[in-house]
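Heads up, the thing below is written out as structure tokens.
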Amino acid sequence: MGTIRDRGIIKWQAALMLPEHKALNKKKDKDDYFLNKKPVLDEYQVEEFENNIHYAMEYHLPISFRLHNEGNPIELHGYCVYIDPVTKELSIQNKDSSYEKIKFNEIISVIVED
């Protein structure tokens with residue numbers, strides 16, 4: 001009888017890799033490389049964000065938010081006018097009197113402008 005010849009890891013590799021597949025893999029790796037990961041916030045930072053937001057709402061002070069939006073940080077300036085505790089969203093009134101809603105878990109930093 002003959003012996004079984006094991007091909008090792010080769011048996012698990014794809015039989016055919018098209019150039020389109022290789023280009024797509026390279027593009028995906030490149031895009032992921034440039035995206036920023038959301039920083040991990042501890043409970044003290046989250047509590048400080050909440051205190052700053054409440055302080056700014058109480059005294060109607062302008063506030064600056066730095067948000068993590070799909071890997072790209074963005075800045076938002078305005079006045080916090082409403083906090084929805086159910087959906088955990090903030091309503092922000094911009095300088096041009098338009099409103100935006102942001103989710104609390106997107107916030108990276110909060111600065112109250114005096």
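Side chains included, hydrogens not; waters and symmetry mates left out as well; all remaining heavy atoms used.
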- Assess whether side chain to side chain contact (heavy atoms under 4.5 Å, CB included) is satisfied between Leu76 and Glu100, documenting all intermediate values. CA-CA 9 Å; Leu76 180 64; Glu100 283 191 46; 3.6 Å; yes
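Taken together through direct or relayed side-chain contacts under 4.5 Å among Ile, Leu, Val, Met, Phe, Trp and Tyr, Leu61 and Ile92 form part of one hydrophobic cluster. Clustering ILVMFWY residues whenever any of their side-chain heavy atoms sit less than 4.5 angstrom apart, transitively, puts Ile74 in the very cluster that holds Ile102. With hydrophobic clusters built from ILVMFWY side chains whose heavy atoms lie under 4.5 angstrom apart, Val46 shares a cluster with Val112. Cluster annotation: Leu90 and Tyr79 are assigned to distinct hydrophobic clusters (Ile/Leu/Val/Met/Phe/Trp/Tyr, side-chain heavy-atom contacts under 4.5 Å, transitive). Grouping the Ile, Leu, Val, Met, Phe, Trp and Tyr side chains by contacts below 4.5 angstrom, directly or via other members, places Val110 with Tyr55.
Side chain of Lys38 to main chain of Asn105: a donor-acceptor pair is present (N/O by atom type, distance under 3.5 Å, no hydrogens or angles). For the pair Asn94 (side chain) and Asp96 (backbone), a donor-acceptor distance under 3.5 Å is absent. Asn69 places no side-chain N or O within 3.5 Å of a backbone atom of Asn72 that could act as its donor or acceptor partner.
Interatomic distance, CD of Glu48 versus CD1 of Ile53, reported as 11.0 Å (0.5 Å rounding). A distance of 15.0 Å separates OH of Tyr44 from CZ of Phe49, quoted to the nearest 0.5 Å. To the nearest 0.5 angstrom, Ser64 atom OG is 3.0 Å from Glu113 atom CD.
Nearest heavy-atom pair, Gln93 versus Tyr99, reported as atom, atom and distance to 0.1 Å: CB-CE2, 3.7 Å. Nearest heavy-atom pair across Ile108 and His68 is CD1-CB, 3.4 Å.
Between Ile111 and Asn52, every side-chain heavy-atom pair lies at or beyond the 4.5 Å cut-off. A 4.5 Å side-chain heavy-atom check between Cys80 and His54 finds every atom pair outside the cut-off. Contact of the Ile63 side chain with the His77 side chain is not registered, since no non-hydrogen atoms from C-beta on lie closer than 4.5 Å.
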